[in-house]
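Note that ligands are numbered from 1 as they come in the structure, with each ligand's atoms numbered from 1 the same way.
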Amino acid sequence: MDKIIVTGGAALKGRIPISGAKNACLTLMPAALLTDEPLTLTNAPRLADIHTMKELLSSLGCEIASLQEGRVLALGTQTISNHLAHYDIVRKMRASILVLGPLLAREGRGVVSLPGGCAIGARPVDLHLRGLEAMGAVLDLRDGYVDANAPGGLKGAVFEFPMVSVGATENLLMAATLAKGTTVLKNAAREPEIVDLARCLRAMGAQIEGEGTSTLTIEGVDRLGGATHRVVADRIELGTYMIAPAIAGGEVVFEGAERSLISSFADKLEAADVEVADVDGGLRVRRKNGAVRAVDFETEPFPGFPTDLQAQLMTLLTLAEGRSTVAEKIFENRFMHVPELIRMGAKIDIDGSTAVVDGVSELRGAPVMASDLRASASLVLAGLAAQGETIVNRVYHLDRGYERVEKKLSACGANIERVSE
Ligand code: EPZ
């Protein structure tokens with residue numbers, strides 16, 4: 001297993017290109033099941049999760065060509081030869097549930113393994129299933145699978161989400177494009193990845209209104225065609241790397257970055273005395289005057305502060321002047337980075353879904369354990385500022401969501417390397 005070794009103390013200077021969004025690509029790819037024409041995705045990120053989605057879609061009959069070293073994905077689903085998404089693939093990646101809506105919409109049939117929980121929480125899919133039932137699907141749950149049928153095809157419905165769910169919004173949005181009649185999704189998620197999906201579906205011939213707002217209205221059509229779509233920039237990768245110059249010092253320009261994708265996060269960084277400036281072709285980040293100030297924040301659905309950047313900002317705040325309060329409102333167990341940061345010298349107390357961070361003057365390098373994608377990234381960020389050497393084990397978590405993190409950071413002067421054991 002690979003590990004990453006970071007030696008702290010180097011201020012950063014340089015430019016980091018931002019890749020296409022993992023969480024956009026993971027919902028854009030299943031959209032290829034909705035049509036028998038080619039769907040081409042450009043600016044695709046090269047990540048383990050994308051490979052897993054390719055494996056799943058291929059098992060259903062989708063043909064996928066990786067072009068330009070994996071940056072372009074050409075997907076074609078002439079026919080769906082298999083309607084079952086097997087546990088062995090689904091257990092590797094929860095986003096596999098996103099094939100269920102398209103399978104039902106195109107074929108009236110889909111059998112998908114229930115994804116099960118993961119490190120950050122139980123992560124049920126009940127909202128996906130209730131929404132599809134509202135559209136006429138008949139679901140049978142057995143042996144850890146959901147066996148879904150819509151023999152006469154899905155029907156348009158009005159469905160209000162009891163809580164905001166990104167994945168359930170994506171699943172139902174895709175399903176509704178081919179349903180008979182009108183679907184209205186209320187209390188829908190507003191994330192940029194959903195806006196990106198809606199734009200791609202519209203290019204394929206779908207009739208959608210309201211993306212980016214809490215109400216989506218979809219007029220079902222008889223069939224969808226192919227399209228070519230550029231995957232939106234990854235706001236979570238961007239936010240993660242923006243912490244690097246803030247925690248290590250120096251300044252970095254993030255190419256292709258738009259502030260609108262991360263405005264709530266950028267606002268919090270500025271409140272912590274970190275400058276986020278629009279420059280030619282991207283965003284420049286550097287500390288305003290040397291020290292970082294404590295800030296309070298809580299995670300919320302977009303446009304609120306993203307849960308996927310909670311661990312990263314908390315890591316910065318371990319070295320801020322003063323006390324910060326962090327409330328994780330989306331997932332029930334997303335503080336796994338905390339024990340590892342404490343081992344590096346951070347002062348953090350957890351009380352339920354709230355963490356209180358008292359800034360310290362320095363962190364000390366240590367061997368640390370990665371647990372989930374974003375917690376792993378935070379330990380690398382901590383290592384950039386820590387005295388001495390930090391060894392991050394279980395780097396496969398990182399590779400699920402970050403393209404060669406050591407290359408992007410070492411290009412800006414970080415002392416970081418990947419070691420294969
Ligand atoms: C997506 O997960 C992202 N993953 C997550 O990113 C992200 O953290 C999350 O949205 C929130 O922004 C992908 O897009 C592939 P949810 P998703 O449905 O769709 C509960 C990363 O690091 N819920 O919005 O699974 C759920 O338990 C990953 O890239 C139900 O109760 O998130 C959670 O508490 C981690 N029932 C809350 O809603 C359901 O049917 C939000 O989950 C669905 C969700």
**Student:** Would D49 and R94 pass as an ion pair if we require N to O under 4.0 Å?
**Tutor:** no

**Student:** Nearest protein heavy-atom contact for atom 20 (C) of ligand 1: which residue, which atom, what distance?
**Tutor:** M163 CE, 3.8 Å

**Student:** In the protein, which heavy atom is nearest to atom 26 (C) of ligand 1, and how far is it?
**Tutor:** F331 CE2, 4.2 Å

**Student:** For atom 43 (C) of ligand 1, what is the nearest protein heavy atom, given as residue, atom name and distance?
**Tutor:** P124 O, 3.3 Å

**Student:** Between R334 and D308 (salt bridge meaning N to carboxylate O under 4.0 Å), is one present in this structure?
**Tutor:** yes

**Student:** Look at the side chain of R230 and the backbone N and O of N43, then say whether any donor-acceptor pair between them is shorter than 3.5 Å.
**Tutor:** no

**Student:** As a check for students: among R374, E170, R94, Q310, identify the option with a heavy atom nearest to atom 29 (O) of ligand 1.
**Tutor:** R374

**Student:** Please state whether the rings of F265 and F305 are parallel, tilted or perpendicular, taking 30° and 60° as the class boundaries.
**Tutor:** tilted

**Student:** Just by distance, with hydrogens left out, do K268 and S324 show a side-chain donor and acceptor under 3.5 Å apart?
**Tutor:** no

**Student:** Do me a favour and list the nearest non-hydrogen protein atom to atom 24 (O) of ligand 1 with residue, atom name and distance?
**Tutor:** V166 N, 2.8 Å

**Student:** If the threshold is 4.0 Å, N to carboxylate O, is there a salt bridge linking E193 and R235?
**Tutor:** yes

**Student:** Tell me whether A95 has any N or O atom under 3.5 angstrom from an N or O of ligand 1.
**Tutor:** no

**Student:** So is there a nitrogen or oxygen of D308 less than 3.5 Å from a nitrogen or oxygen in ligand 1?
**Tutor:** yes

**Student:** Tell me, which protein residue and heavy-atom name are nearest atom 11 (C) of ligand 1, and how many Å apart are they?
**Tutor:** T307 CG2, 3.9 Å

**Student:** Give the residue, atom name and distance (to 0.1 Å) of the protein heavy atom nearest atom 15 (C) of ligand 1.
**Tutor:** N23 OD1, 3.4 Å

**Student:** Where the side chain of T77 meets the backbone of A32, is there a donor-acceptor pair that is under 3.5 Å apart?
**Tutor:** yes

**Student:** What part of R130, side chain from CB on, backbone N/CA/C/O, both or neither, has a heavy atom under 4.0 Å from ligand 1?
**Tutor:** neither

**Student:** Which of the listed options, S165, A311, G304, holds the heavy atom that is closest to atom 18 (O) of ligand 1?
**Tutor:** S165

**Student:** Report, in ascending order of atom number, the atoms of ligand 1 lying under 4.0 Å from any heavy atom of G167.
**Tutor:** 18 (O), 19 (O)

**Student:** With no hydrogens and no angle check, just 3.5 Å: does a side-chain donor-acceptor pair link E328 and T307?
**Tutor:** yes

**Student:** Between H86 and Y145, how do the two ring planes meet: parallel, tilted or perpendicular, split at 30° and 60°?
**Tutor:** perpendicular

**Student:** At less than 4.0 angstrom from any non-hydrogen atom of V125, what atoms of ligand 1 do you find?
**Tutor:** 39 (C), 40 (O)

**Student:** Would you mind listing which atoms of ligand 1 come within a distance below 4.0 Å of any non-hydrogen atom of H128?
**Tutor:** 40 (O)

**Student:** Is there a donor-acceptor pair closer than 3.5 Å between any side-chain N or O of D296 and the backbone N or O of T325?
**Tutor:** yes

**Student:** Could you find the nearest protein heavy atom to atom 40 (O) of ligand 1 and give me its residue, atom name and distance?
**Tutor:** L127 N, 2.7 Å

**Student:** May I ask you to identify the nearest protein heavy atom to atom 25 (O) of ligand 1, giving residue, atom name and distance to one decimal place in Å?
**Tutor:** R123 NH2, 3.0 Å

**Student:** Quick one: do D278 and R259 make a salt bridge, cutoff under 4.0 Å?
**Tutor:** no

**Student:** Does any N or O of ligand 1 fall below 3.5 Å from an N or O anywhere on K22, backbone included?
**Tutor:** yes

**Student:** Does either side chain, that of S19 or that of E403, offer a donor lying less than 3.5 Å from an acceptor on the other one?
**Tutor:** yes

**Student:** Nearest heavy atom to atom 41 (C) of ligand 1: which of I330, L98, D126 does it belong to?
**Tutor:** I330

**Student:** Looking at R334, which atoms of ligand 1 are within less than 4.0 Å of one of its heavy atoms?
**Tutor:** 8 (O), 22 (O), 35 (C)

**Student:** Can you list the atoms of ligand 1 that are under 4.0 Å from a heavy atom of L373?
**Tutor:** 21 (C), 22 (O), 29 (O)

